[in-house]
There are 2 protein chains.
Amino acid sequence: MNRTFEPTPRHDTKDKILDAAERLFADQGFAATSLRQITTEANVNLAAVNYHFKSKEALLSAVIGRTFEPINRRRMELLDQLELSSGSGRPGLDEAVRAFVRPALEARSANAKSMRYFPRLMARIMAEPGGLAAPVMLPALQAVTDRFMPVFQQAMGVNKRSTVLWGAQFSIGCMARCLIAPEFIQAITGENQPQESMEQMLDRVVCFIVGGMQALAEREKSLCIGA
Amino acid sequence: MNRTFEPTPRHDTKDKILDAAERLFADQGFAATSLRQITTEANVNLAAVNYHFKSKEALLSAVIGRTFEPINRRRMELLDQLELSSGSGRPGLDEAVRAFVRPALEARSANAKSMRYFPRLMARIMAEPGGLAAPVMLPALQAVTDRFMPVFQQAMGVNKRSTVLWGAQFSIGCMARCLIAPEFIQAITGENQPQESMEQMLDRVVCFIVGGMQALAEREKSLCIGA
DNA sequence: GTATGATTGAAACGTTTGTATGAATCGAAC
DNA sequence: GTTCGATTCATACAAACGTTTCAATCATAC
């Protein structure tokens, strides 16, 4: 067999593939990213993808799982801590929203060397309720929803579940947008805006979301009075 | 030449391609949609795509242009009317936000027979500042931004342009999310929520956005007092 | 009827794709 | 050193892809 073998260190092939896939899926989307692009960037052999991950789709699931699972775990931790440190076990709306949003912004900041990729991956995945990522994403979203929705509802002081559900959806929209907004602002204005810190961005988006949720709560109350 | 020719009516090939492309690009994304899928759904010949649109990318640009251009034109019209009918030529924040959001929701409703497609197309496009759609989208976004941003700023009563820019980005996030929220709510809760009318959805999202923007304005004022 | 440009049709082309295959190499245990 | 499973390598395969080509057909004007 004609083989020009240059051995690759064998201890991190899988991670190299995951890293490259995360970057390229985020930048180009799943379908437009070929396995050869991934393996070229990761400097591994094409067959390694199927060996370690069985299929391209399974690779996507793995990328999503390792990206989003820590965020959701962090959310749960923050909320648990909040409830412990709140005298009545009932966090305020501002605190609850922070616990929801902060992990996503933290993840953005933690990916300093590939900061341009994570926000787009998240934006792409969040736009696809029935897409390829659904089997991985829906259970995760379900768990977070089950945990946070009652807290939001209590903090908003509303009776209707639909008010909370819509508020949560708009909050997700804000949060997702927040992750890519710097790129958009740059593209639209052509200005090099001074870089905002993560805490500044967090303050802005939490302020907006809390204001919006409180407005929805007020709306519900005034509709009840009118009915 | 061996040809089994069945003539197609020649008066609407281009529109059939655009319709099919809009549906499939929205549902699957650009890269995952092949021209053969489009032409099969449109019941036209493969070569027609390149004849009428020159390339797949040009087809995408055409789809985006015909989808988003009417929305933006409607936005401008609504705002013009608003300024005419406002005594001082200065619309309130609620009205300005409505003028921004309503056309998108209207477009969703107008696509009754393909309602599942338009929201996703919009969500996909909005997630990609530097993507394939950028040459078409950025000028359109620029025009809308130039027109609405001063109105929002005045209505919010803030001095800093950055406050308005961020508020606008969060608003776009809310609006985009609003278009696909019914699917998400359905997927997460497994419940068949009663269908909300367009006006109900519009009221909800405008309420949230206005609340959020007012909160940002208050935040700016309190930061100025503190500084 | 003829001429001409527009439009459609079938097929070809070269490239790319994900998956699969079997051999070579590696690393750990004995 | 030998064995065995894990891992990597080069290659093959069939299918799919966007673009192109050229002839047939259509529609309109004269």
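The model shown is predicted, which means the values in this text are computed figures rather than measured ones. Below, chains carry the letters A, B, ... as their sequence lines are ordered, and counting in each starts from 1.
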Can you measure [X] atom [atom1] to [N] atom [atom2] for me and round it to whole angstrom units?
X	N	atom1	atom2	value
A:Leu59	C:dT19	CG	P	10 Å
A:Gln37	C:dG18	CD	C1'	13 Å
A:Ile17	D:dC9	CD1	P	10 Å
B:Lys56	C:dT16	NZ	P	15 Å
A:Asp15	D:dT7	CG	P	13 Å
A:Asn45	C:dA20	CG	C1'	13 Å
A:Leu46	C:dT16	CG	P	14 Å
A:Lys14	D:dT8	NZ	C1'	15 Å

[N], OP1 or OP2 - any side-chain N/O from [X] closer than 4.0 Å?
X	N	answer
B:Thr13	C:dT8	yes
B:Asn50	D:dT19	yes
A:Ser34	C:dT16	no
B:His52	C:dA6	no

Parallel, tilted or perpendicular, as decided by the 30° and 60° cut-offs, for the rings of A:Phe152 and A:Phe100: perpendicular
Approximate separation, where rounding is to 0.5 Å, of A:Arg23 CZ and A:Ile38 CD1: 10.5 Å
Atom pair CD/CG of A:Glu196 and A:Asp203 - distance to nearest 0.5 Å: 9.5 Å
Ionic contact status for B:Glu83 with B:Arg147, cut-off 4.0 Å: yes
Cationic N near anionic O, under 4.0 Å, B:Arg74 to B:Glu77: yes
Closest-nucleotide 5' rank along DNA chain D - winner of B:Leu35 and A:Tyr51: A:Tyr51
Sugar-phosphate, base or nothing in reach of B:Thr39, heavy atoms under 4.0 Å: nothing
Nearest-nucleotide comparison on DNA chain C, the residue closer to the 5′ end among A:Ala47 and A:Arg36: A:Arg36
